[in-house]
Amino acid sequence: MPAPTALRQPAGIAMTGAPLAPVLDHDEEILIDTQPLTDETSSAFNFNSEPINDADVHIDEEGRPIFTPAKDVNRVYRVETRKVPVPPHRMTPLKASWSRVYPPLVEHLKLQVRMNIKNRAVELRTSRFTTDTEALQKGEDFVKAFTLGFDVDDAIALLRLDDLYIRSFEIRDIKTLNGEHLSRAIGRCAGKDGRTKFAIENATRTRIVIADQKIHLLGGIKNVEAAQQAIVHLIMGSPPGKVYGNLRKVASRMKERF
């Protein structure tokens with residue numbers, strides 16, 4: 001009679017010393033929790049029931065949730081600061097016009113502003129009253145426009161309109177000029193008593209500041225491009241009469257557009 005073979009071990013399973021008991025013959029050994037489900041456990045498995053003791057969420061007749069309005073919570077804000085340097089030749093106009101410069105920043109943009117005379121800069125800072133996320137950038141653009149030479153009323157337009165921007169360039173970027181040639185180019189851009197500059201501003205609906213060799217333009221994209229094109233023609237030596245003729249065409253097109 002052959003000897004009984006040893007129990008074969010499946011691969012990856014360690015054998016223990018406890019005997020293997022047949023599970024099917026001892027069903028009574030399986031433990032079953034006979035305690036009834038509580039309301040808390042039953043609600044966890046009942047997905048169609050309305051949450052208990054939840055005042056923020058309600059279910060309508062069609063089964064859709066109805067949420068209560070959000071409550072006012074104190075916003076977590078981060079204090080940000082900006083410093084706008086002021087050129088030496090603009091410190092005196094800034095002091096004279098300070099009573100007109102800070103009200104739009106404080107009342108409209110809700111910023112904290114101060115003029116640092118020692119460092120020759122205007123410092124801006126947000127606070128918990130600031131609601132606009134772009135307030136700090138708008139305030140910096142407004143102060144920078146004033147430091148470039150624009151009037152306060154013209155710079156305020158940057159706060160009220162979103163499609164305005166400033167473009168700056170130098171005469172030497174258009175044409176390399178020195179000495180008297182550079183002075184004549186500046187004179188052609190300004191005109192006698194500033195008439196040429198005013199004509200370009202009225203025709204293109206922009207504001208122009210000529211500060212020595214630098215020229216700053218304030219307005220919309222298309223308007224600034226038209227004004228810059230007229231100034232470039234004057235710098236290159238075109239006669240003012242020809243530039244005026246082109247400005248009339250630009251003004252007529254803008255009237256038709258609006």
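Heavy atoms only: backbone and side chains are in, while hydrogens, waters and symmetry mates are out.
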At their closest point, which heavy atom of Cys189 faces which heavy atom of Ile235, and how far apart are they? SG-CG1, 3.6 Å

So which atom in Val79 and which in Thr126 form the shortest heavy-atom distance, rounded to 0.1 Å? CA-OG1, 3.6 Å

Value rounded to 0.5 Å, distance of NE2 in His216 from CZ in Phe150: 7.0 Å

Whether over 12 other heavy atoms sit under 6.0 Å from Glu170 CD: yes

NE2-OG1 distance between His89 and Thr147, expressed to the nearest 0.5 angstrom: 8.5 Å

Value for CD (Gln137) from CG (Leu158), rounded to nearest 0.5 Å, stands at 10.5 Å

Could you measure the distance from the CE atom of Met236 to the CZ atom of Arg188? Nearest 0.5 Å is fine. 10.0 Å

Strictly below 4.0 Å, N to O, side chains only: are Arg82 and Asp141 in salt-bridge contact? no

Please determine whether a side-chain nitrogen of the Lys or Arg among Glu62 and Arg64 lies less than 4.0 Å from a carboxylate oxygen of the Asp or Glu. yes

Run the salt-bridge test on Asp153 and Arg100 with the 4.0 Å N-O cut-off and return the result as yes or no. yes

Minimal heavy-atom distance between Glu140 and Leu124, with the atoms involved, is N-CD1, 3.6 Å

Is there a continuous path of hydrophobic side-chain contacts, each under 4.5 Å between heavy atoms, that joins Val113 to Leu109? yes

Between NZ on residue Lys197 and CD1 on residue Ile210, distance to nearest 0.5 Å: 6.5 Å

Spell out, yes or no, whether Leu148 and Ile171 are grouped together once hydrophobic residues are joined by side-chain heavy atoms under 4.5 Å, including indirect joins. no

Thr204 side chain near Leu247 side chain, heavy-atom distance below 4.5 Å: yes

Check for me, please, whether Ile208 and Leu164 land in the same ILVMFWY cluster - side-chain distances under 4.5 Å, paths through other members count. no

How far apart are the closest heavy atoms of Gln213 and Leu182, and which atoms are they? NE2-CD2, 3.4 Å

Glu225 vs Gln229 side-chain heavy atoms within contact, under 4.5 Å: no

ILVMFWY network linking Tyr102 to Val122, side-chain heavy atoms under 4.5 angstrom: yes

With a 4.5 Å heavy-atom cut-off, do Ile174 and Val232 have their side chains touching? yes

In terms of heavy-atom contacts, Trp98 and Pro103 come closest through O-CD, 4.2 Å

Side-chain heavy-atom pair Asp151, Arg207 within 4.5 angstrom cut-off: no

Give me the atom names and distance for the closest heavy-atom approach of Val143 to Leu105. CG2-CD1, 3.9 Å

Could you check whether atom CZ of Arg120 has more than 12 heavy atoms from other residues, nucleotides or ligands sitting under 6.0 Å from it? no

In one Ile/Leu/Val/Met/Phe/Trp/Tyr side-chain cluster, 4.5 Å: Val209, Ile156: no

Starting at OG of Ser168, measure out to NZ of Lys144 and round the result to the nearest 0.5 Å. 7.0 Å

Residues passing the side chain to side chain donor-acceptor pair (under 3.5 Å) test with Glu123, sequence neighbours excluded, are Arg114, Asn116

When you compare the side chain of Tyr244 with that of Thr196, does any pair of heavy atoms fall below 4.5 Å? yes

When you compare the side chain of Phe146 with that of Asp154, does any pair of heavy atoms fall below 4.5 Å? no

Any side-chain heavy-atom pair of Ile200 and Leu234 under 4.5 Å: yes

Decide if atom CG of Leu161 counts as having more than 12 heavy atoms of other residues, nucleotides or ligands within a radius under 6.0 Å. yes

Quick one: are Tyr165 and Leu218 in side-chain contact, heavy atoms under 4.5 Å? no

Just to verify, which of Gln112, Lys110, Arg125 counts as forming a side-chain contact (heavy atoms from CB on, under 4.5 Å) with Thr130? Lys110

Do any N or O atoms from the side chain of Asp132 and from the backbone of Glu134 form a donor-acceptor pair under 3.5 angstrom? yes

